[in-house]
Amino acid sequence: MKKSWIAITLLFGALSLTACGGASSTTATTAAVATEAAESEAAEETTEADTEAVAEPVADGKTEIVYGKSQGPYTELFEAAIIPILEEQGYTLKGIDFSDLQTADVGLNDGDVDVNVEQHTAYCENFNANYNGDLVPISPIPTVPAGVYSVNHETLDEIPDGAKVAVPNDASNTARCYLMLQKIGWITLDENADSTAVTQDDIVENPHNIEFTEMKSLTIPAAIQDFDYVAITGSVVYNAGIDASTALANEDIQDHLVLQVVVKEENKDAAWAKAIVDAYHSDEFKQYMEENNDGLWWIPKELQ
């Protein structure tokens, strides 16, 4: 705008000279001055537009991502490895704490947060069914396997008759732990049962007469001495400070038990959601995992 006034001032000056009897060369000079001023103003406007474009890195205009924050390895991995990648792209991240995954999913479903990275597909589907949710997994992420642990026995072979074994009481993790116990030969499950939702009722063979106690996952480590063995998920192992290398057995992670980035369905194609997915698939993240995985993490092939 300033240069526009300069151009107008010069133009009036030139016209004054012409009115006083200037030659045709004066008219040419006037046109040249006006043209130069107009070109300069256009260049300035282009520069300002380019600057504004650089300052706006996100296609849909959303630059702040709010994530559900829980205690455990998955949020910590997100904060240590994924947030720096997103910040380099111009995003800002804000975490909101939740005491448990169910509450975190309610917050996500209600729109209080945009994303969480604390659950597998089976848990997500179970939440949607019970809470009329519309949450969707959009990318697998590294997962800490469930395992069998004991402070009373050194091997699986020491299992006594009538052994007391604790397992999680939430549906999806109950099923995965019973599948793990079948894997090590302690029980046999009904082959017709839904592997994502097996319960004690689906146990058809229990040769060790195991007495199962289903309880909240987070309370199992504190009670570990009261049981011959416990079956617990990786995040609980991590939170409790248990050395994952002391597991006497680990699960074979099935597709529905791989941890996921989860968002509301309406956001699955948003630019910011795709940016999170791309960050987990990036070379920077692969390098981070190569340098920081001491055996705790199982990494999906597509992220390797």
Side-chain angles (χ1 to χ4, degrees), residues 53-121 123-124 127 135-145 233-241 244 258-304:
V54 171
E56 180 56 79
V58 187
D60 58 10
K62 179 178 173 64
T63 58
E64 182 181 71
I65 301 173
V66 182
Y67 63 98
K69 184 173 182 177
S70 302
Q71 292 184 347
Y74 306 112
T75 289
E76 291 185 13
L77 181 63
F78 180 80
E79 291 177 336
I82 299 302
I83 286 182
I85 296 173
L86 296 172
E87 288 178 337
E88 288 179 357
Q89 300 173 21
Y91 290 98
T92 57
L93 283 293
K94 175 184 176 182
I96 294 181
D97 290 302
F98 291 96
S99 60
D100 58 73
L101 183 51
Q102 178 178 304
T103 305
D105 270 0
V106 171
L108 178 58
N109 195 59
D110 289 346
D112 297 329
V113 299
D114 299 314
V115 61
N116 67 42
V117 293
E118 303 289 337
Q119 65 194 297
H120 46 61
T121 303
Y123 191 97
C124 182
F127 175 84
L135 308 184
V136 294
I138 58 174
S139 176
I141 63 177
T143 302
V144 181
T233 57
S235 58
V236 174
V237 170
Y238 185 86
N239 288 337
V258 178
L259 268 286
Q260 299 279 337
V261 176
V262 176
V263 300
K264 285 177 68 69
E265 185 171 10
E266 65 190 44
N267 293 324
K268 65 181 181 180
D269 295 320
W272 58 265
K274 291 181 178 179
I276 296 174
V277 173
D278 290 344
Y280 275 106
H281 287 75
S282 68
D283 290 337
E284 293 95 327
F285 183 67
K286 291 177 184 177
Q287 182 177 348
Y288 180 91
M289 294 307 298
E290 289 174 359
E291 296 174 352
N292 294 277
N293 186 10
D294 58 1
L296 177 69
W297 298 98
W298 175 87
I299 304 175
K301 287 184 179 180
E302 62 188 274
L303 303 186
Q304 296 177 15

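The shown structure was predicted, so the numbers you read here are calculated from the model rather than taken from an experiment.
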Surrounding CD of Gln287 (heavy atoms of other residues, nucleotides or ligands, distance under 6.0 Å), is the total greater than 12?
no

More than 12 heavy atoms of other residues, nucleotides or ligands under 6.0 Å from NZ of Lys94: yes or no?
no

Short question: side chain of [X], backbone of [Y] - any donor-acceptor pair under 3.5 Å?
X: Glu284; Y: Ala279; value: no
X: Thr75; Y: Pro73; value: no
X: Tyr238; Y: Ala244; value: no
X: Thr143; Y: Val258; value: no
X: Asn267; Y: Ala270; value: no
X: Lys264; Y: Asn109; value: yes
X: Gln304; Y: Ile299; value: yes
X: Asp110; Y: Asp112; value: no
X: Asn239; Y: Ser235; value: yes

Counting C-beta onward and ignoring hydrogens, is there a side-chain heavy-atom pair between [X] and [Y] closer than 4.5 Å?
X: Val117; Y: Leu259; result: no
X: Gln260; Y: Cys124; result: no
X: Val136; Y: Val263; result: yes
X: Ile82; Y: Tyr288; result: no
X: Leu86; Y: Trp272; result: no
X: Val115; Y: Tyr67; result: yes

To the nearest 0.5 Å, what is the distance between [atom1] ([X]) and [atom2] ([Y])?
X: Asn116; Y: Ile96; atom1: CG; atom2: CD1; answer: 11.5 Å
X: Met289; Y: Ile141; atom1: CE; atom2: CD1; answer: 10.0 Å
X: Phe285; Y: Leu303; atom1: CZ; atom2: CG; answer: 6.5 Å
X: Leu101; Y: Ser70; atom1: CG; atom2: OG; answer: 6.5 Å
X: Asp97; Y: Lys69; atom1: CG; atom2: NZ; answer: 5.5 Å

Over all atoms of both residues, closest heavy-atom pair of [X] and [Y]:
X: Phe78; Y: Tyr280; result: CD1-OH, 3.4 Å
X: Pro145; Y: Trp298; result: CG-CB, 4.2 Å
X: Pro137; Y: Thr121; result: CG-OG1, 4.1 Å

Can you tell me if Glu118 and Tyr123 form a side-chain donor-acceptor pair at under 3.5 Å?
no

Partner of Phe127 by side-chain contact (heavy atoms from CB on, under 4.5 Å), out of Val106, Val262, Leu108:
Val106

